[in-house]
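The structure appears right after this line, and notes come after that.
In this text, all values refer to a predicted model and were calculated from it rather than measured experimentally. The sequence lines fix the lettering, A, B, ..., with proteins before strands; numbering per chain opens at 1.
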Amino acid sequence: MKAVKFDYKRPATIDEACCLLAGDHNARILAGGQSLIPMLSMRLSRPSLLVDIAHIAELTQFIETDHHIEIGAMVRQAVAQVNPLVKTHIPLLAKALEYVGHLPTRARGTIGGSIAHADPSAEIALVAITLNAEITYQDGEDDVVFDASDFFIGPMLTLAPPSGCLVRTGFPKAPAICGTGFHEVAPRRSDYALASAAAQISASVDGRIEKIDVGVGSVGDFPERLKVDALLTSDLGDDTISQVLHAAMADIETVEDLHASAAYRKRVATELAIRAVRDALNEIKKGTRQ
Amino acid sequence: MAEKTYKFISQPRRAVEDRRFVAGRGKFVADLDRPGMLHVAPLASHYPAAIINKIDVTAALAMPGVVDVITGAEISAAIQPLINGLDTPNVRRFPLAVGRVRYAGEWVCAVVAESRAIAEDALEKIIVDAAAQPFVLDAEEALLSTSPPVHPEHGSNLLLDKKFVWGAVDDDFALAKHNLSFSVTWGRNSTVPIETFGVVAEWNGWDQILDIWASVQMPKYSDQISRCLGLAGNAVRVHYDIDVGGSYGVKRGIKHATLIGYIARKLGRPVRFIEDRLENMRAGDAHGPERKFDVTMAFEDDGTIRSMKMRALDNAGAYAGRAPFQLGKPIGAIVGPYQINSVSYHALSVTSNKTVQEAVRGFGQAPTNYAIETAMDRVANFLKMDRLVLRQHNLIRADQFPYLIPSGSTYDSGDYHTVIDKVLNAADYSALVATRDRLRTEGMMAGIGVAACLEPSGGNSSFEPLLNEANKTSTWMESCQVNVDALGNVIARIHTTSSGQGHDTLVSTVLGEVLQIDPDKIRVTRPNSLESLPGNSPVGSRMAIMLGGAAARAAEKLKLKIVAIAAHCLGFDADKLVYSGGDVLAPDGSKHSWLDAVELAHRQFHNLPEGMDPGLASFDIMQVPTGDALPVDGKVQMYPCYSFEFHLVLVAFDPVIGRPEIRSYTIGHDCGTVINPAIVSGMTYGGIAHGIGATLFEEFAYDANGQLMTQSFLDYLMPSSHEVPPIEIVKHCTPSPHTVFGQKGSGESGYLGAPAAISGAINDAVAALDIHFEKLPIRMSAISDAISNKLA
């Protein structure tokens, strides 16, 4: 388990990083290293150049805009987890981050690294897809922006430009009256999930449900948003929720491996999605969210 | 029986080893850095079976920093095959594949280079021309004559096929009112230590000595290396003063040390090989038993078990190793803690194109306990009897010890009913049942599991002559030396490595107890193999019994000498004197102190009794108690001591998610007199954690193409601190009559019953749906799928 020989550069700016990436088509970005370093050691990844972006100050920022909280690519997951902007405006992400690895891995792992790595069971990617976050790359001198719902195209596969550097992810700010739910099942705590589900529901001041976003992860090639529009006009009773989510999950293709059957993934993802929706509704009902 | 009280033994004392480990000051093999050391990386086979036509190492050898590439052809011409305990001369094995590979991951050749990274680079330049061959993975399939033999020279995949009938099995079956048959399968798991196996070898040409530092737990290690390399036994020096970062059986390292020793001698430079995790998992040859049981029980309406028929089929992997013997150990406790009048046992071991199996914690006892306890649950369910009542009805009673079981072993002592009662009280059994029932009304699946089982300990490996008549070994000694230096300080020598068992603490506690001096002032050292007395390393839960026994006996000899010196000086007969706290007291109030004895023994020969040699030193080479005979008619006394454990578990899970949560875990443990309570509890906690892994998570699983799917901790899932619940240990002490302090073994505790109890709880939870999980590990997906199928 020794990596193939590679060069290592530590740029100070995004421009410099992009320059390095443009100059070597076999370069890879090193962020928190929680996935890449083991892959290097097992020689599953064999870059000629590692561009370590940990020292680019710009990439560690949180920026609040009118509609988004933009999280710099190099923000560590543990930092995001306790950030007040995240807690206030992206409650779903705050919930999901608790499930990402363990505290020591969150202390190193980054928000951007997780999105760029595109593991099908990644919680951050699931939240990004569920909320349709904006993913911004810098490629040369240009910014390229992706909707999270288009960005992921397969296991560890994205539309990211080959020489681009992920700069930030803009998560939409949650509406004033809003509930969230996040559930995940893994053999052991914080293992790669066998199924996960996220839900965010918002309501008007008079209690009318206005928007329901539900996504499931870990079941197929990448996290997916579920079609649950039928819920908006429904009674939101337990039976209805169950019916709509079963219907929404019907066409989702799930994978099988040593740890879980495809049927398990579908059954459990459906169940977790139901629970996530119920949790979100309960939060609205109880006004638990500040 | 009142428990004897001790000053140091059984007292809550800190393990003396802990300090250096907690501070990160252990000295492990990977910490060694010998001048000019070379590094090795083995090339792993991708094929589960193939004929090697040609290995082209030209490009690898041409790389800067590459020193040599060793192939199977080279090494097999230079050394003897690895020792094989069975009488299967055509199942030959060398450290590298010779002509044929037999499992995916097997070492095809080994690159020697100036660094491990260079060696790995060179691996990619080696071109192996190989022709894939048919392969077999499943043990039942391997048995079929149509299956490809893993060793064509051997003719079949059968390594061992032994049938034993102990007692009137046919009569008992004919008389019994009921029969019940079932099958269960124990999945392939292992102990998977944090530290992988590692070895450093260095050939000293001037002294003609091969030095070996290894992360090893292996009886007769230096003997085996010498034989394979064709060196005299006194030309191999294994250094025991190296810390071993975990083992529980698997750190055997014979092929590793033979290979690295060969390279060191050939090249005349120190050579190091530390397995990486991939190498450890797929080719460390450290997988545990993978065993299918077919069991039939004969019993009466009232629950009395009359007889048992058991067929145990074990998948040994590609070479013989010591795997087949793991079918032998359970013979020493084949009826568990129960009165079963007769037993037939059919032990089968086959080769397959999987990684080689080695000794793992319990040496095959845990799978057998799982089968026996499953049988008890099945019989209870069949009779609609309470599982506890059925067990209590069949348990050997305290007044029946010593108790001879049909297979020839006599259990030394025990009080199983009392231990169970203590556990039921401690866990508040009726409240536990109420909790289970409440959980069920709340929509959860909930179940209680129980397991009662034995830990045979301290044996003389008599399963070897039992399974292989050519083997006439009954000796299985352990040794200890004690020396009091000229300043009066005590030094003890032990002749093995330790892999976390706390042997320094064991020996200093025992010596302190016997000599009545502070154990913390005793120095325990580990000489190398050339300076050691014979021993058999810590296997089979033996060290409290055997090393503790040898230490106590050596100390008694020393004490005799001290008293003899005092008797001579004080002018009393020795039997009139009292040894007290290191001093010797006479009836007239006079005293001959510890330092007086030291002074005389070291400096005043003229004042010693006539004929007495100078110095204060002693040693003891102790044979296994009760280990005095070879098997006769398929029967033998296998172990001197039998520890008992009783597990009581509450498990609950959501029917859709299927993820078992252990809500309550209580274990009753009776291993006789405990030397160090913290060490024994630690063994038990760890054993239960390992049992949780074996039941729910851990498996070396292969895909249909013969590839190991669980090659790293990504897929080989071990329970973390999140998955191991708080565990209550209820202690009980029934001393063994065969040991110096009444101690029994405890190194395998917890693991021996946890899988039976936890799987029993899961099966109890789904019993209403008529679901039986018959294979370990029971994955959450399988639980949910089974429930879903039933409810569909």
Exercise. Looking only at non-hydrogen atoms, find the nearest pair between Pro187(A) and Phe697(B) and report the distance.
Key: O-CE2, 3.2 Å
Self-check item: His183(A) portion near chain B, given a 4.5 angstrom heavy-atom threshold
Solution: neither
Practice problem: Quick one: do Asp257(A) and Met709(B) satisfy side-chain contact (heavy atoms from CB on, under 4.5 Å)? Show the steps, please. | Solution: CA-CA 10 Å; Asp257(A) 64 14; Met709(B) 290 189 283; over 6 Å; no
Practice problem: For His772(B), look at atom NE2 and say whether over 12 heavy atoms of other residues, nucleotides or ligands are found less than 6.0 Å away. | Solution: yes
Quiz item: Do Arg659(B) and Val268(A) have side-chain heavy atoms sitting under 4.5 Å apart?
Solution: no
Practice problem: Select all residues of residues 236-249 of chain A having any heavy atom within less than 4.5 Å of some heavy atom of chain B, and report them by number, or 'none'. | Solution: none
Quiz item: Does Arg108(A) CZ have over 12 foreign heavy atoms under 6.0 Å away?
Solution: no
Quiz prompt | Criterion side-chain contact (heavy atoms from CB on, under 4.5 Å) on Met1(A) and Arg277(B), from CA distance to verdict | solution = CA-CA 8 Å; Met1(A) 278 196 205; Arg277(B) 188 58 64 186; 3.6 Å; yes
Practice problem: Count the heavy atoms belonging to other residues, nucleotides or ligands that lie under 6.0 Å from CD of Glu253(A), then report whether that count exceeds 12. | Solution: no
Quiz item: Highest number of heavy-atom pairs under 4.5 Å with chain A: which of Glu120(B), Met718(B), Glu124(B)?
Solution: Glu120(B)
Quiz item: To the nearest 0.5 Å, what is the distance between OH (Tyr192(A)) and CG (Leu717(B))?
Solution: 11.5 Å
Quiz item: Is it the side chain or the backbone of Ala186(A) that comes within 4.5 Å of chain B heavy atoms, both, or neither?
Solution: backbone
Quiz item: With only heavy atoms counted, which part of Phe713(B) is less than 4.5 Å from chain A, the side chain, the backbone, both or neither?
Solution: backbone
Exercise. With chain B as the partner chain, list the residues of residues 24-45 of chain A whose heavy atoms fall under 4.5 Å from it, by residue number, and write 'none' if nothing qualifies.
Key: Met42(A), Arg43(A)
Quiz prompt | Approximate separation, where rounding is to 0.5 Å, of Asp276(B) CG and Lys2(A) NZ | solution = 8.5 Å
Quiz item: In terms of heavy-atom proximity below 4.5 Å to chain A, should Glu723(B) be classed as side chain, backbone, both, or neither?
Solution: side chain
Quiz item: Where on Thr710(B) is there a heavy atom nearer than 4.5 Å to chain A: the side chain, the backbone, both, or neither?
Solution: side chain
Quiz prompt | Between Ala701(B), Ser788(B), Ser720(B), the one whose heavy-atom pairs under 4.5 Å with chain A are most numerous | solution = Ser788(B)
Quiz item: Contact part of Arg779(B) toward chain A, heavy-atom cut-off under 4.5 Å: side chain, backbone, both or neither?
Solution: side chain
Practice problem: Measure the OG-CZ distance between Ser781(B) and Arg267(A) for me, rounded to the nearest 0.5 Å. | Solution: 7.5 Å
Practice problem: Find the distance between CD1 (Ile657(B)) and CG (Leu194(A)) and round it off to the nearest 0.5 Å. | Solution: 10.0 Å
Quiz item: Are side-chain heavy atoms of Leu272(A) and Val656(B) found at a separation under 4.5 Å?
Solution: no
Exercise. Please tell me if the side chains of His259(A) and Asp715(B) come closer than 4.5 Å, counting only heavy atoms from C-beta onward.
Key: yes
